[in-house]
Amino acid sequence: MITSSFHPPRRTLMGPGPTDVNPRVLEAMSRPTIGHLDPEFVGMMEEVKALLQYAFQTRNELTLPVSAPGSAGMETCVVNLLEPGDKAIVCRNGVFGGRMKENVERAGCEAIIVDDPWGKSVDPNKLEDALKANPDAKLIGFVHAETSTGALSDAKTLVKLAHDYDCLAIVDAVTSLGGVPLKVDEWEIDAVYSGSQKCLSCVPGLSPVSLNERAQGVIRSRSTTVQSWFMDLNLVMGYWGSGAKRTYHHTAPVNTLYALHEALVVIKEEGIENAWARHAHHHRALRAGIEAMGLQFVCEEHERLPQLNAVTIPAGVEDAEVRTRLLHEFNLEIGAGLGDLAGKAWRIGLMGYGASETNVLHCLGALDAVLGGMGADIEVGQAVAAARAIYGD
Ligand SMILES: *Cc1c(COP(=O)(O)O)cnc(C)c1O
């Protein structure tokens with residue numbers, strides 16, 4: 001019989017998510033649970049929506065957190081905007097573009113794939129070719145920050161292209177929200193989704209989404225009902241919509257929403273532009289250390305995400321052994337490679353609360369010690385000093 005409580009170890013989370021959670025967020029989460037229709041709770045929901053509008057840089061009224069992780073935000077956008085038989089163009093330059101294709105096909109639709117190599121941004125020219133070849137496409141979808149490879153794509157240009165060809169654009173901003181500039185209104189993004197556990201540094205389990213008027217119009221003029229009852233935004237808005245009667249749809253994850261509220265207040269206090277700049281700053285220090293060790297990045301500099309650093313594993317080094325030692329000897333988690341990059345790259349996250357000097361120096365020191373100890377072909381003892389030089393220490 002199991003009679004003792006579970007006490008997780010204290011880790012430093014520098015993988016692709018979940019990331020280090022701000023202690024303020026954990027404290028907020030432990031406050032008393034109240035009813036999900038309690039007027040006090042409903043007031044907090046309105047604040048969550050306003051704070052999300054700030055984070056997304058939008059005035060979209062339809063901005064809310066879906067009660068499930070980022071994958072549910074993806075599915076919500078796909079199943080509400082597409083009807084069976086529709087055609088969608090999906091850009092794939094990593095794992096998550098592939099998931100969007102799966103979602104489109106499972107919604108009974110045709111997915112036209114625009115492939116780009118792993119580690120590269122989505123190529124606007126290839127997208128334009130696909131738009132020209134498929135004038136009947138209803139929407140395009142792409143991943144702004146491809147967490148599987150560390151590549152950033154030019155969302156503004158891709159969305160503009162979609163509109164030039166009369167398509168809607170769905171943007172995966174799971175890893176970009178809070179980490180790099182994302183301007184939903186200025187870039188005229190029609191539908192965007194994110195996740196709580198990446199650069200928002202909240203606990204996992206929520207997926208903020210935002211849809212503009214044009215996307216809402218498409219949903220209103222559907223001729224079929226959304227096949228997912230849980231994700232049907234018409235029903236969800238009966239609970240989340242302003243002025244709505246707040247009818248019961250599902251039991252909102254009350255305490256997780258306290259956590260999101262606090263995480264968003266933290267971002268508001270800092271200022272979203274300052275959060276973007278902080279991620280870039282700590283990325284520069286990490287990069288200096290990685291390069292001083294003689295290691296290489298998967299992505300070229302102009303396509304690289306500051307918050308997700310894919311680093312090529314040096315020849316002869318056993319991937320799993322390094323990650324296991326980092327975890328057991330340094331309480332440090334970094335990410336393994338996914339898909340095409342499995343065994344070939346590590347993914348070092350600098351997201352949200354974890355984008356800090358403490359984490360950068362800890363990670364570089366630990367990698368240096370482990371790789372040096374294994375006799376890997378790196379410059380030993382240089383990394384921390386190189387990063388400290390960036391910090392002016
Ligand atoms: C993490 C991630 C997802 C999926 O989010 P979950 O919260 O794991 O469901 C989707 N897209 C991208 C780009 C991600 O990084």
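Just so you know, ligand 1 is whichever comes first in the structure, and atom 1 is the first atom listed for that ligand.
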Under 4.0 Å to a heavy atom of [X] - the qualifying atoms of ligand 1, by number:
X    : result
G70  : 5 (O), 6 (P), 7 (O), 9 (O)
T175 : 15 (O)
Q197 : 6 (P), 7 (O), 8 (O)
A145 : 13 (C)
V143 : 13 (C)

**Whether Y258 side chain and P32 backbone form a donor-acceptor pair below 3.5 Å** =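 Here the side-chain-to-backbone pair exists.
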**Asked** Under 3.5 Å, is there a donor-acceptor pair between the side chain of E188 and the main chain of V159?
**Response**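 Flag not set: sc E188 to bb V159 has no pair under 3.5 Å.
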For [atom], grab the closest protein heavy atom and report residue, atom and distance to one decimal in Å.
atom                    : result
atom 11 (N) of ligand 1 : D172 OD2, 2.7 Å
atom 3 (C) of ligand 1  : F96 CE2, 3.4 Å
atom 9 (O) of ligand 1  : S71 OG, 2.5 Å

**Prompt:** Does any non-hydrogen side-chain atom of W229 lie less than 4.5 Å from one of H249?
**Reply:** yes
**Message:** For a 4.5 angstrom cut-off between non-hydrogen side-chain atoms, does P314 reach L295?
**Reply:**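 SC-SC contact between P314 and L295 confirmed.
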Side chain or backbone, does [X] bring an N or O within less than 3.5 Å of an N or O on ligand 1?
X    : answer
M74  : no
T147 : yes
R99  : no

**Item:** Approximate separation, where rounding is to 0.5 Å, of L332 CG and L367 CG
**Value:**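 It comes to 7.5 Å.
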**Request:** Supply the atom-to-atom distance L200 CG to L51 CG, rounded to the nearest 0.5 angstrom.
**Result:** 11.0 Å
**Item:** Side chain, backbone, both or neither: A72 near ligand 1, heavy atoms under 4.0 Å
**Value:**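 A72 to ligand 1: no contact under 4.0 Å from either part.
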**Item:** ligand 1 versus E146: contacting region, heavy-atom distance under 4.0 Å
**Value:**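 Contact part for E146 vs ligand 1: neither.
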**Asked** Among H144, K198, M100, which residue places a heavy atom closest to atom 14 (C) of ligand 1?
**Response**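 It is K198 whose heavy atom sits nearest to atom 14 (C) of ligand 1.
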Restricting to non-hydrogen atoms, name the atom on [X] and the atom on [Y] that form the minimum distance, rounded to 0.1 Å.
X    : Y    : result
P69  : S207 : O-CB, 3.4 Å
L81  : A191 : CD1-CB, 3.7 Å
D136 : K87  : OD1-NZ, 3.1 Å

